[in-house]
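Since the model is a prediction, treat every value here as computed from it, not as a measurement. Every number for a ligand or one of its atoms is a count from 1 in the order of the listing.
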Amino acid sequence: METPLKPTAASCPAKVLVAGGYLVLDRGYNALVFSLDARIHTVVEPVQVKAGVDISGIVVRSPQFHDAIWEYGYRSQAEDAGISVTQLSVGHEQSISASKNPFIETALTYALTYIWTLLPNQRIASSSIRILADQAYYSNPGEPRPLNNSTEPSHFLDFNVSLKDAHKTGLGSSAALVTSFTAALLGFYLPSEKWDITTPNGLRVLHNLAQASHSHAQGKVGSGFDIASAVYGSCLYTRFSPSVLSALPAPGTRSFARALQHLVDGDAWDTHIQKAAVKMPAALRLVMCDVDCGSQTPGMVRKVLAWREDNRSEADRIWADLHAGNQALAAELARLAAEPACAPAQYHVLKTLIDENRKLIRLMGEASGVPIEPPQQTKLLDYCSTLDGVVGGVVPGAGGYDAIVLLVEDKEEVVARIKESLKSYKVEDEGDGIKIGKVGVIGIREEMEGARIEDLALYAGW
Ligand SMILES: Nc1ncnc2c1ncn2[C@@H]1O[C@H](COP(=O)(O)OP(=O)(O)O)[C@@H](O)[C@H]1O
Ligand SMILES: C[C@@](O)(CCOP(=O)(O)OP(=O)(O)O)CC(=O)O
């Protein structure tokens, strides 16, 4: 007799790309990525079925948001095409098309197909799935939900809006979602001899499967640094060759299942994760500031890559200098982390490296016509860098108008000073028609750990 499936939960961290934006899209370069201590959790549980009733479906809920419920039917397809997943009507007002969640649907299709290839003669049991996210991913203020029979409110908050009305802070919600969702499904359906998150091979399988499904749902843009940090935590990340994924047949087409299993278990991946190369000195921390004004990463990426294509020698020169600066920054952080104690006088190398890198980023922005560190952000970063306890800061990831990340002394009074100073920070119009809005500090800091299994008690009340 099959052993009953046990409820399983997994979580993955948010990300910030501190150095190596754009360069990391090319395997010749890498990125310094820090994970952040805000997580997205997924809980998978068996469905209680009454004797004699045989339903087969998976219900996914994101209970912190209004109407965030997706119900799926699934079946195996002929010609080794894998498990196909169909969204069912959930019997309430919203239409299916309005409620589609491509990240969930794709992660489910890929994970169930992979699981089915490892357990070919077993029926995939119905399950019920909950997704819970930490506050920092959204700027909508969440409200505590009191626990039944207890005075302790849950750690997770009620956002009181629909997902489409939620304001993302840009911390990589879809990557943390897809990775924790995939990890929880693998942990729920597979016995530990087939998949174990605590082993290097378990992490490798999770990484490969989550990269494949996230890339498919996202339309194959992006270097995959966000999935790598969701799995491995803070690291120096070198991407996989795009050709690794391009040979995979589409889900539901002939041989998708075998091709996916070979891809996930095989050694085609040339991703390079260096965890030991990334450290945060004990006396320092990251602070993320949300700028109330958005930027569109895909458009910026297209323009920078087109500039590089058309101006190869200029671009190669800037990228070589920036790459050297990025490696030096990671090395200096690691060097300081190994010192028994650090004093502010020791941060002058870090300050210089940050300043030099910012100059090169502005040069790349001017040459490509992309506002990577636009004047509004230059002023904001320069202002923050004058505050006591701030070593320096950069525009993370693709840059633009939506966030900055600061490297600061890890003292409460330093963070309090940044918050206070930013309250009265005056934003001037730079004449480009874009005025950045309020700048707020996000309650978040770096963390080293990636995906992990969680205790179910965390989700009481949800
Ligand atoms: N808590 C959640 N529950 C379900 N889906 C979510 C949740 N948070 C994010 N998502 C999914 O991820 C998408 C946002 O992904 P993306 O645009 O990549 O944002 P980010 O910049 O945070 O990664 C949403 O449209 C939704 O499909
Ligand atoms: C340009 C990039 O190298 C970095 C983008 O980093 P962001 O953190 O800005 O990304 P999004 O969360 O997708 O908006 C593109 C990439 O590597 O995927």
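Looking at Ser173, Gly397, Ala175 and measuring to atom 23 (O) of ligand 1, the nearest heavy atom belongs to Ser173. The closest heavy-atom contact to atom 19 (O) of ligand 1, among the options Lys168, Gln64, Gln218, comes from Lys168.
Among protein heavy atoms, atom 15 (O) of ligand 1 sits closest to Ser174 CB, 3.1 Å. In this structure, the protein non-hydrogen atom closest to atom 1 (N) of ligand 1 is Tyr138 OH, 3.0 Å. Protein heavy atom nearest atom 5 (N) of ligand 1, with residue, atom name and distance: Asn101 ND2, 3.1 Å. Closest to atom 4 (C) of ligand 1, if we only count protein heavy atoms, is Leu163 CD1, 3.5 Å. Looking only at heavy atoms of the protein, atom 10 (N) of ligand 1 is closest to Leu177 CD2, 3.8 Å. The nearest heavy-atom contact from the protein to atom 3 (N) of ligand 1 is Ser62 OG, 2.8 Å.
In this pair, Tyr459 and His41 present their aromatic rings perpendicular. The plane angle is above 60°, beyond the 30 to 60° band.
The pair Arg445-Asp410 counts as a salt bridge, with a side-chain nitrogen and a carboxylate oxygen less than 4.0 angstrom apart. Checked for salt-bridge contact, Arg145 and Glu143 miss the test: no charged N lies under 4.0 Å from a carboxylate O.
Ser84 and Gln77 form a side-chain donor-acceptor contact under 3.5 Å, judged by distance and modelled atom types alone. Using modelled atom types and a 3.5 Å distance limit, the side chains of Asn357 and Asn326 yield a donor-acceptor pair. In this model, a donor atom of one side chain and an acceptor atom of the other lie less than 3.5 Å apart for Ser11 and Glu454.
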Taking it one step at a time, do Tyr114 and Thr182 satisfy side chain to side chain contact (heavy atoms under 4.5 Å, CB included)? CA-CA 10 Å; Tyr114 178 74; Thr182 303; over 6 Å; no
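Trp269 does not carry Arg204 over the face of its six-membered ring by the limits of under 6.0 Å from the centre and within 45° of the normal.
Tyr237 and Tyr29 have their aromatic ring centers separated by at least 6.0 angstrom. Aromatic ring centroids of Phe65 and Phe159 lie under 6.0 Å apart.
Neither the backbone nor the side chain of Leu132 comes within contact range of ligand 1; no heavy atom lies under 4.0 Å.
Taking a 6.0 Å sphere around NZ of Lys438, one finds it holds 12 or fewer heavy atoms contributed by other residues, nucleotides or ligands.
Within 4.0 Å of ligand 2, counting heavy atoms only, the contacting residues are Lys15, Leu17, Gly21, Tyr22, Val24, Leu25, Gly222, Ser223, Phe225, Thr297, Val301, Gly397, Ala398.
Residues satisfying the salt bridge (Lys or Arg N to Asp or Glu O under 4.0 Å) test with Asp355, not counting sequence neighbours, are none.
Protein heavy atoms are found inside the 4.0 Å sphere centred on atom 17 (O) of ligand 1.
In this structure, Tyr137 falls outside the shell of residues with a heavy atom less than 4.0 angstrom from ligand 1.
Which parts of ligand 1 touch Phe65 is read off a 4.0 Å heavy-atom cut-off, strictly below it: atoms 1 (N).
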